[in-house]
Number of protein chains: 2
Amino acid sequence: MLESHQYLRQFSIKPSVQRSAVMHFLLNNRIHPTIDEIYMALSPTMPTLSKTTVYNTLDLFVEKGAVRALAIDEKNARYDVDISAHGHFMCKSCGKVHDIFDLKPSMFQIPESESFRIDSVEISYLGACKSCKGN
Amino acid sequence: MLESHQYLRQFSIKPSVQRSAVMHFLLNNRIHPTIDEIYMALSPTMPTLSKTTVYNTLDLFVEKGAVRALAIDEKNARYDVDISAHGHFMCKSCGKVHDIFDLKPSMFQIPESESFRIDSVEISYLGACKSCKGN
DNA sequence: CATACTTTTGTAATGATTTCAATAAACTAA
DNA sequence: TTAGTTTATTGAAATCATTACAAAAGTATG
């Protein structure tokens, strides 16, 4: 919890109780959680926590660059505290999202374009994970 | 319209009036439209068309491999008739989605993985387009 | 302490997508 | 062609993630 506090400051985010709790969860659960998963995980120990706060908090984290929002899952937004260059895999069967780290750094280069100013890249893979392959 | 008819058959999709109309729109409007854009474009000339049919139709097209569903836009699903290997750019300001064709073919290779069976890749870029750069 | 400012909360609204049952259309076999 | 069967379309209602908003609580400042 202390670390989350410090961590937030690095991104010039004022560390409220709620924000620290959310960041603590993100740092210790690298599962690319949805808003609902974060809310469900925290609400038992923070009964007054509002889901709107979780939305606000994640929006702020993304705005400040502390967290990356992933579009890989069309159903829900997912969030990743790991802001280093890496890809993601989502199992179409169970919906779990995993990191794909062994990609060439060149894949994350921003292509030259006269038509666009490109700010970020997202590399996503879809398929079936080990436990769902049978399906 | 005739071509759409033929085109659907190539993917073993029975070409109903509605399906041909949707495919015709997709083939002639390479704008990665949302369900609503497709519905709005067709309903003037097909007043009885139901939005549910547009949903059903696109689901079928995707299932049969005639069309690709894009996750780049968190707000709405978007559809692309071009199933060749290419990336996409979305302007965060106006929301328009554009093709990015000049990417190395190697970027679309499926990475080796013992943990997953990877079926598809999606490469997405976010930023601002020419007309929105000012913002 | 008093005031201003920021954050959190809960409720209500929005909007995309899904569900589902009824209708219509297409297909099959006699 | 017709009756029976399957498939596709339709529209209304339900679901569910996200957003809007205003009130309440908390924090900082003088």
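In this text the structure is predicted, and so the values were computed from the model without any measurement. Residue numbering restarts at 1 for every chain, and letters A, B, ... go by the order of the sequence lines.
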Among all residues two or more places apart in sequence or in another chain, which pass the side-chain hydrogen bond (donor to acceptor under 3.5 Å, both in side chains) test with [X]?
{"X": "A:Asn29", "result": "none"}
{"X": "B:Ser106", "result": "none"}
{"X": "B:Asp82", "result": "B:Ser84"}
{"X": "B:Asn28", "result": "B:His24"}

Next item on the list: Any chance you could list the contact pattern along nucleotides 11-30 of chain D? Use B for base contacts, S for sugar-phosphate-only contacts and - for none, protein heavy atoms under 4.0 Å, 5' to 3'.
Entry: BB----SBBBB---------
Next item on the list: Answer whether the closest heavy-atom distance between the side chains of A:Asp119 and B:Lys92 falls below 4.5 Å.
Entry: yes
Note to self: At 4.0 Å (heavy atoms only), tell me whether A:Thr53 reaches a base, stays on the sugar-phosphate, or touches nothing.
What the structure shows: base
Check: In residues 60-73 of chain A, what residues come within less than 4.0 Å of DNA chain C, judged by heavy atoms?
Finding: none
Check: Quick one: how far along DNA chain C does chain A reach, first to last nucleotide 5' to 3', anything under 4.0 Å to a heavy atom?
Finding: C:dT6 to C:dT18
Checklist line | Within residues 60-74 of chain B or reaching into it, pairs that qualify as side chain to side chain donor-acceptor pair (under 3.5 Å) - sequence neighbours excluded | finding: B:Asp73-B:Arg78
Checklist line | Pairs meeting criterion side chain to side chain donor-acceptor pair (under 3.5 Å) with involvement of residues 35-57 of chain A, two or more places apart | finding: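 Pairs touching residues 35-57 of chain A that pass the test: A:Asp36-A:Lys51.
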Margin query: Restricting to side-chain contact (heavy atoms from CB on, under 4.5 Å), what partner residues turn up for B:Lys96, sequence neighbours left out?
Written below: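 So B:Lys96 forms a side-chain contact (heavy atoms from CB on, under 4.5 Å) with B:Cys94, B:His98.
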Notebook entry, point to check: Should side-chain heavy atoms under 4.5 Å link Ile, Leu, Val, Met, Phe, Trp and Tyr, which residues sit in the same cluster as B:Ile110?
Noted result: A:Phe89, A:Ile100, A:Leu103, A:Met107, A:Phe108, A:Ile110, A:Phe116, A:Ile118, A:Val121, A:Ile123, A:Tyr125, B:Phe89, B:Ile100, B:Leu103, B:Met107, B:Phe108, B:Phe116, B:Ile118, B:Val121, B:Ile123, B:Tyr125
Note to self: Filter on ring-ring contact (aromatic ring centres under 6.0 Å, His included), then keep only pairs touching residues 56-77 of chain A, sequence neighbours left out; what's left?
What the structure shows: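 Counting only pairs at least two positions apart or across chains, no ring-ring contact (aromatic ring centres under 6.0 Å, His included) contact touches residues 56-77 of chain A.
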